[in-house]
Amino acid sequence: MTTHTDEHYYVPHGSHWPVVGSVGLLFLMVGISSWLNGADAAFYVFLLGLAIMVFMITGWFAEVIGESQRGLYNEQVDKSFRQGMFWFIFSEVMFFAAFFGALFYARNMSIPWLGGESNNFFTNLLLWEGFESTWPTNGPGNIGGEYQVMPPIGLPLINTALLLTSSVTVTIAHHALIADKRAQLKIFLASTFILGFIFVGLQAYEYIHAYQDLNLKLTSGIYGSTFFMLTGFHGMHVTIGAIMLMTIFFRVMKGHFTPEKHFAFEAVAWYWHFVDVVWIGLYVFVYWL
Amino acid sequence: MATAAADITDHHDDHGPAKGIGRWLFSTNHKDIGTMYLLFSLVMFFVGGAMAMVIRSELAVPGLQFVDPGFFNSMTTMHALIMVFGAVMPAFVGLANWMIPLMIGAPDMALPRMNNWSFWILPVAFGILLSTLFMPGGAPASGWTMYPPLVLQTGDAFPFLIFSVHLMGISSIMGSINVIVTIINMRAPDMSLLKMPIFVWTWLITAYLLIAVMPVLAGAVTMLLTDQFFGTSFFLAAGGGDPVMFQHIFWFFGHPEVYIMILPAFGVVSEIIPTFSRKKLFGHDSMVYAASSIAFLSFIVWAHHMFTVGMPLTGQLFFMFATMLIAVPTGVKVFNWVATMWRGSMTFETPMLFALAFVFLFTIGGFSGLMLAIQPADVQYHDTYFVVAHFHYVLVPGSIFALMAGAYYWLPKWTGYYYNETLGKLHFWMSTIFVNVTFFPMHFLGLAGMPRRIPDYSTQFADFNFIASIGAMGFGLSQLIFLLVLLTAKKGAKADDRVWEGAHGLEWTVPSPAPWHTFTTPPKNRIAEESF
Ligand SMILES: [Cu+2]
């Protein structure tokens, strides 16, 4: 294969991975839907779908990494990947925006209204007499029973420190990569995903604490719903991000990436900063205010 | 191009179409993927259309005739979901796939494999959605808007509905990322942003809207899912949530969604009218600014769908005025189309006929939209057939006519042959007459108070309903003419590169049919020649 100059466009050859992915999604979605409807055995269909998806993702990425290592991708392809990653992260931002929107709406609109504000005097009097608008709340129906709130000081603060530190370490790793200091790169990249996994571990510990000691559950009214859905989806993204960082780490160990060409590294770094920024939003609006 | 063609094999992993089904399953070719999108959307158009026939049969005369009310509600719900997500959106993605690379001088979409996945998710999504018709409890019947608490009464179909919407979202987001990256990164070197054809511009803006709002819809349906199965309280007042909150989140997606379905239509019409007027598009740049303004405004008008659910007065006023503001950029567009035709040397081939009907009939839909935007009036119109008339005017003689116009306009470029003009004109006239017979009486029904989504009605509504049903059957049958046009598409005269006398743009410089690979090297200094 000749090397590509910018004069010529690059179009990749056909690939079976997308179709494998579609089959995986079919099993995944049909499996989980049937399982939710009470067909217990369908959970295995879901797991099969999951396995196909993992197979697809690893296979597809392996192929792309291989092609990248063989120098097939020119500058323009690199740019396309970068822009694609940017817009993917933007879509993720909007996904979180929906849940933040729900949080703000509940706090500023629905709960005050249930408490009788605006023109809702009779809503309060006739439907939910005695309910006072406060935050946090599990609503006038006391859904999920009495619970305690997760305090912002303590574990969440430590988690904030961990994530912020990991954002710094990944940046140092990036600078090391550009300066071609491979040893420094490895150390800081490794510490980044280790910090990420510690974060996930502490988050899991916090959940156990919430369920066992605070009676704070997903079912604890709107507070529990927004708390667990926002932190849960965030935790999921941290987990994915940490796995991505680990993959990048193994690629670094294999000698991939040059000071000039390292799109995958940067993409993962952007993703990591994104989960970091979401966390700051979470810390401020879910834990603190 | 000859030298470029000679060394294609050096610079492409891809040599030519694979044999058999592999060509379609594993495709990375924007033309093949575009064709698949277009054919898929055509199938969905007929599936959704068949459901519309069920609806209009039931509504032809008062009383219950053929179907039970639950199934009727399933039909309205499924008709909407299939037409919106299965027919109109994929059809425009198909046009984008086929035409954007040709228009900007790119060899393909920027991310061809992801392009393939975007498409192949759709059959899975709609397979799952259609399978709900056979499930205990029936297909979803809550309306395509999926409002809680009603939607939570869906039977076994519920999680399938949620996950099929997720799949449609994933497909749209990936498709849109591809469109944006292609437009930003793959343009011919001398094609600056403001030199791009309007179709490309409108798709750039549409793709941005899609990436911004499809994840919000995903969030909304995820909350439905967790409320149903995992005990969250997002839409439960007892838990501090609010069913109205769903409507806010849904319409934050839903209003931009209507522009997602109409902006590319604006783009198609803005390509066709100059060609058949043999004049440059009037106000190219103002078209860009108008489309961008519409896109911006689309994010701050969503609650005009919710004027009757209970909202603070300031909210009502804000959403009313913001909505009416959209008439300004839309008016700019309509003015520009008319000004393009002014003193043009016009001919009326099928694409032009559809484009002209679009301008007239979409504007009727726009005006009824303006009426609905007036909050005090909307209290009367809300959830009546007036709303049904309004959005069908913008979607059928709006989006669908633009799609038909685009299909006729570009068919010779796709197949290499002219379609049968007589059949095309017949298709146009039948469609245009019947679409008005179907939907115009609905305005009167709505103003007289006939509620939508109900299988039976008071006898005072009988006449107009009967007329509407006749129109619907006629419109449905007229679309079979389009099938005939497609089946005979290669029987006409051979088309040259330019196809239409007045056509300008890079897509008209490549052979007809467009070869499997085009622009393997960036075209240089050809943009200027291609403008008027
Ligand atoms: Cu709207």
Side-chain angles (χ1 to χ4, degrees), chain A residues 2 4 7-19 21-22 25-26 29-30 32-33 36-37 60 72 76 79-80 83-84 87-88 90-92 94-95 97-99 101-102 105-106 109-111 113-114 118-119 127-128 137-141 143-144 218-219 221-225 229, chain B residues 10-14 18 22 25-28 106-108 110-113 116-117 120-121 124 128 156 159-160 163-164 167 173 177 180-181 184-186 211-216 218-220 223 226 229-234 236-242 245 248-249 252 312 519-522:
Chain A
T2 54
H4 289 262
E7 265 305 287
H8 291 88
Y9 286 128
Y10 173 76
V11 178
H13 62 77
S15 167
H16 60 282
W17 293 117
V19 175
S22 288
L25 283 173
L26 176 68
M29 298 306 188
V30 171
I32 189 142
S33 299
L36 286 169
N37 280 337
W60 194 334
L72 289 186
Q76 191 175 35
K79 247 187 171 171
S80 291
Q83 292 178 4
W87 289 106
F88 168 65
F90 175 63
S91 78
E92 293 268 58
M94 292 310 291
F95 182 74
F99 288 90
Y105 185 87
M109 304 282 172
S110 63
I111 292 163
W113 290 346
L114 289 168
S118 183
N119 57 353
L127 292 174
W128 312 109
T137 180
N138 56 353
I143 300 291
L218 186 61
T219 48
I222 191 68
Y223 177 69
S225 306
M229 291 297 276
Chain B
D10 281 349
H11 300 285
H12 279 264
D13 273 3
D14 217 356
L25 283 178
F26 312 137
S27 180
T28 47
D108 206 297
L111 305 159
R113 288 176 188 154
N116 186 33
W117 202 23
W120 278 109
I121 287 175
V124 176
I128 291 176
D156 279 4
F160 292 92
F163 286 111
S164 69
L167 289 178
I173 291 166
I177 290 175
I180 294 193
V181 176
I184 298 296
N185 195 32
M186 309 286 280
I211 302 178
V213 301
M214 288 311 277
V216 176
M223 291 178 215
T226 57
F229 292 111
F230 301 103
T232 55
S233 303
F234 287 107
L236 182 70
D242 187 351
M245 180 166 84
H248 280 290
I249 304 173
F252 182 83
F519 302 119
T520 48
T521 55

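All of these numbers come straight from a predicted model, not from anything done at the bench. Note that these values count all heavy atoms, side chains included, but never hydrogens, waters or copies made by symmetry. Chain letters run A, B, ... following the sequence lines, proteins first and then strands; every chain starts at 1.
The shortest non-hydrogen separation linking B/Trp120 to A/Ser22 is O-OG, 3.0 Å. Nearest approach of A/Ala106 to B/Met245, heavy atoms of both residues: N-SD, 4.4 Å. Nearest heavy-atom pair, B/Phe163 versus A/Ser33, reported as atom, atom and distance to 0.1 Å: CD1-OG, 3.1 Å. The two residues B/Gly219 and A/Ala98 come nearest to each other via the heavy atoms CA-CB, 4.1 Å. When all heavy atoms of B/Ala237 and A/Trp128 are compared, the closest pair comes out as CB-CZ2, 4.1 Å.
Here the CG atom belonging to A/Leu36 is positioned 5.0 Å from the CZ atom belonging to B/Phe229, to the nearest 0.5 angstrom. Atom CG of residue B/Leu167 and atom CG of residue A/Leu26 lie 8.5 Å apart, to the nearest 0.5 angstrom. How far CG of B/Asp242 is from CD1 of A/Ile222: 9.0 Å, rounded to the nearest 0.5 Å. Interatomic distance, OG of B/Ser233 versus CG of A/Leu218, reported as 8.5 Å (0.5 Å rounding). Remark: A/Met94 CE to B/Met214 CE distance equals 12.5 Å, nearest 0.5 Å. Interatomic distance, OH of A/Tyr105 versus CD1 of B/Ile249, reported as 9.0 Å (0.5 Å rounding).
Crowding of A/Met229 atom CE: a count of heavy atoms from other residues, nucleotides or ligands under 6.0 Å exceeding 12.
Residue B/Thr226 touches chain A through its side chain alone, counting heavy-atom pairs closer than 4.5 Å. For chain B, no part of A/Trp17 is nearby; none of its heavy atoms comes within less than 4.5 Å. For B/Leu25, the parts sitting under 4.5 Å from any heavy atom of chain A are the backbone and the side chain alike. Using a 4.5 Å cut-off between heavy atoms, A/Ala102 contacts chain B through both its backbone and its side chain. Of the two parts of B/Ile211, the backbone and the side chain both hold a non-hydrogen atom closer than 4.5 Å to a non-hydrogen atom of chain A. Proximity to chain B (any heavy atom under 4.5 Å) is shown, for A/Asn119, by neither the backbone nor the side chain.
In this structure, A/Phe99 and B/Phe234 have perpendicular ring planes: the angle between them is above 60°, well past the 30° mark.
Checking side-chain atoms of A/Ser110 against main-chain N and O of B/Gly240 turns up a donor-acceptor pair under 3.5 Å. In this structure, A/Asn37 contributes its side chain and B/Asp156 its backbone to a donor-acceptor pair below 3.5 Å.
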**Request:** Could you give me the CA-CA distance, side-chain angles and deciding distance for A/Thr219 and B/Thr232, then say whether side chain to side chain contact (heavy atoms under 4.5 Å, CB included) is met?
**Result:** CA-CA 5 Å; A/Thr219 48; B/Thr232 55; over 6 Å; no
**Asked** Can B/Val124 and A/Met29 be said to form a side chain to side chain contact (heavy atoms under 4.5 Å, CB included), step by step?
**Response** CA-CA 9 Å; B/Val124 176; A/Met29 298 306 188; 6.0 Å; no
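Of the listed residues (B/Val181, B/Ile177, B/Ile184), just one forms a side-chain contact (heavy atoms from CB on, under 4.5 Å) with A/Ser80, and that residue is B/Val181.
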